[in-house]
Amino acid sequence: AAAVPKVKKNKKLAVPNFDRFRMLLIVGVVALIALIVGLFFALTVLPKAVIAITTNASDVNVGFTMNLDTAAKALDLATATVPAKQVQSQKTSTQTAPATGQENKGAKATGSVKLALTNCTQDSITIPSGTGVSANGLTYVTQNSVTLTSVKVGGVCNPSNFSSIYSSSVNITAIKGGSNYNLATGVNMTVARGNTYSSTDVKGTSDGNIGGGTDDIVKIVSQSDIDAAKLKITAQDSGVKQDLQAQLNQENYTPISATFAAGTPAITTNVNVGDAADTVNVTQIVTYTLLGVKQTDLKALVDNDVKKQIDTSKQSILSEGLTDAKYRVVAATDTTAQVALQTVATAGPDLNIDNIKRESAGKKGGDIKSLIQSTPGVTDVKVKLSPFWVSSVPKKTSKITVTIAKPTAPATQTNANNP
C-alpha cells in the first residue's frame with residue numbers, strides 16, 4: 001500500500017489551555033484585592049498622630065461649700081445653691097432565728113399568807129390587794145386587802161395572846177405557772193413595801209400549803225432572738241448605691257456620692273417578745289437616697305471660684321478637675337444637703353482640643369507646630385506620626401490624639417472657703 005504522507009502541525013493554530021488561564025486570572029484578582037486592602041489599611045486605618053502640647057498652665061486649688069436643694073429651680077452663684085434631684089430605693093430584707101426563750105404555761109399556785117404587823121410605832125397599816133409577797137425568789141400577789149393593827153400590853157409589843165388583832169391571813173396567787181411555786185406551810189415570806197410602811201414592818205408566813213402549780217414549758221420568743229435575726233440581715237448599701245448612681249446618670253445628673261444615705265430601718269416581726277413560737281421572722285425595710293446635680297452647674301461653680309484666683313486677662317480655665325473632685329457632707333435634711341467640694345482645676349492658655357484636631361487634619365508636622373506655638377502660653381509642641389511611612393497627620397480627627405502636659409507650676413493658694 002502506498003504510504004500516507006504526515007501532515008505538519010501549525011503551532012499558530014494550537015488550542016489554548018483554558019484551565020491554566022482561569023487559574024492565573026483568579027490569582028491576579030486575589031492579588032489585586034490584597035493590594036487594595038493593604039493600601040487601604042496602610043493609608044487609612046493604620047496612620048495615627050499624637051500631638052503633645054506643653055504649656056505654662058498651672059494648678060489651682062478649688063474649695064467651697066455648696067447647697068444642694070431639691071426645691072431650687074436654678075443655680076444661684078451668690079449663695080452657691082444648686083438645683084438637685086433626689087432618687088430613692090427601698091430594700092426589704094427578712095431573716096429567721098430560732099426561739100430560745102422558755103415559759104412555764106402551767107397552772108398558777110394558790111394559797112394564803114399570814115401577815116403580822118411587827119412595828120408597834122405604827123398604829124395600823126393597810127396592805128392593799130395586788131401587793132407582792134415573795135419567798136425563795138418567787139413572787140405571789142395578794143388577792144384582797146387587809147388592815148393590821150399593832151397592840152401594846154404592859155410595854156410589850158404584840159404579845160402572842162393578841163395575835164388575832166395584829167395579824168391576818170390573805171389569799172395569794174403565784175405570778176407565773178409552775179410547780180416550783182408550791183410551798184409548804186410556815187415558810188417565811190417578804191412583803192413588798194407600801195406607801196405607809198416598809199417591808200420590815202410586816203412579817204409574812206405561808207398559811208397552810210400553797211399548791212396547785214403545774215408545769216407546761218413551751219418555747220417563747222425573747223428579745224435576744226429578735227436581735228439575733230437582725231444581725232443576720234446583711235447590708236445592701238453598695239449595690240443600692242450603684243443602682244442609684246446609674247439612675248442619675250441616665251437622667252443626665254452627676255451623682256454626689258457623699259450624699260448617699262440610708263434611712264432609719266423600719267423593723268417588724270411576725271411574733272412579739274413572749275409569744276409562744278419555734279422561730280421568729282424579722283423584716284427590715286430601709287429607704288436609701290442619693291442626690292445628683294447637673295454637670296453644667298458644677299462647672300459654673302468651679303469656674304466662679306477659679307476666676308477669683310487667676311488673672312483672667314492672661315489665663316483661662318482648661319479643666320475644672322471635676323473627675324477627681326472630692327465631696328463631704330457638712331449638714332443634711334430629707335431634701336437638702338450642704339456639701340463641701342474640693343478639687344484641683346487647671347488654668348492656662350485657652351486650647352480647644354477639638355479645634356486643634358480639625359485644624360491639624362492633613363497637615364505636615366512642621367505646619368502644625370507653627371500653628372499651635374503661635375498661641376500665647378504654649379511652650380512646646382511635638383508631633384508623632386505612625387507608622388514610619390506616614391508623612392502627614394491623618395485627615396480623620398478620630399485618628400488624632402491631642403495631649404496637654406500636666407502643669408508643672410505650683411498650685412495657687414486655696415481660698416478661704418476651702419473645706
Could you report the tightest heavy-atom contact between [X] and [Y], atom names first, then the distance?
| X | Y | value |
| --- | --- | --- |
| V339 | Y327 | CG1-CB, 3.8 Å |
| A49 | L385 | CB-CD2, 3.6 Å |
| A99 | A277 | CB-O, 3.1 Å |
| L117 | Q122 | CD2-O, 3.6 Å |
| D324 | T343 | C-OG1, 4.1 Å |
| L148 | S168 | CD2-N, 3.8 Å |

Given side chains that start at C-beta, do those of [X] and [Y] come closer than 4.5 Å, heavy atoms only?
| X | Y | answer |
| --- | --- | --- |
| I172 | V141 | no |
| T110 | N171 | no |
| L301 | L341 | no |
| I400 | V393 | yes |
| S199 | V191 | no |
| Y140 | V113 | no |
| V221 | N272 | no |
| T397 | R358 | yes |

Q) Is the count of non-hydrogen atoms from other residues, nucleotides or ligands lying under 6.0 Å from D311 atom CG greater than 12? A)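 Count over threshold, so yes.
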Q) Does a sphere of radius 6.0 Å around NZ in K363 hold more than 12 heavy atoms from other residues, nucleotides or ligands, not counting ones at 6.0 Å or beyond? A)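 Check passes, neighbour count above 12.
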Quick one: side chains of residues 255-268, donor-acceptor pairs under 3.5 Å with protein atoms, not counting sequence neighbours, listed by atom name and distance.
| residue | atom | partner | partner atom | Å |
| --- | --- | --- | --- | --- |
| T259 | OG1 | I256 | O | 2.6 |
| T259 | OG1 | L291 | N | 3.0 |

Is there a donor-acceptor pair under 3.5 Å between the side chain of [X] and the backbone N or O of [Y]?
| X | Y | value |
| --- | --- | --- |
| N270 | N281 | yes |
| D215 | G106 | no |
| N136 | L138 | no |
| N209 | G211 | no |
| D59 | T346 | no |
| S198 | R193 | no |
| S360 | I356 | yes |
| T131 | T142 | no |
| T254 | G292 | no |

Nearest-0.5 Å distance that lies between atom [atom1] in [X] and atom [atom2] in [Y]:
| X | Y | atom1 | atom2 | answer |
| --- | --- | --- | --- | --- |
| K108 | T214 | NZ | OG1 | 11.5 Å |
| M189 | T139 | CE | OG1 | 8.5 Å |
| K307 | S316 | NZ | OG | 10.0 Å |
| L231 | S224 | CG | OG | 11.0 Å |

Q. Does any pair with a residue in residues 291-300 pass salt bridge (charged side-chain N to carboxylate O under 4.0 Å, His left out), and if so which ones, sequence neighbours excluded?
A.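 Residue pairs passing salt bridge (charged side-chain N to carboxylate O under 4.0 Å, His left out), neighbours aside: none found.
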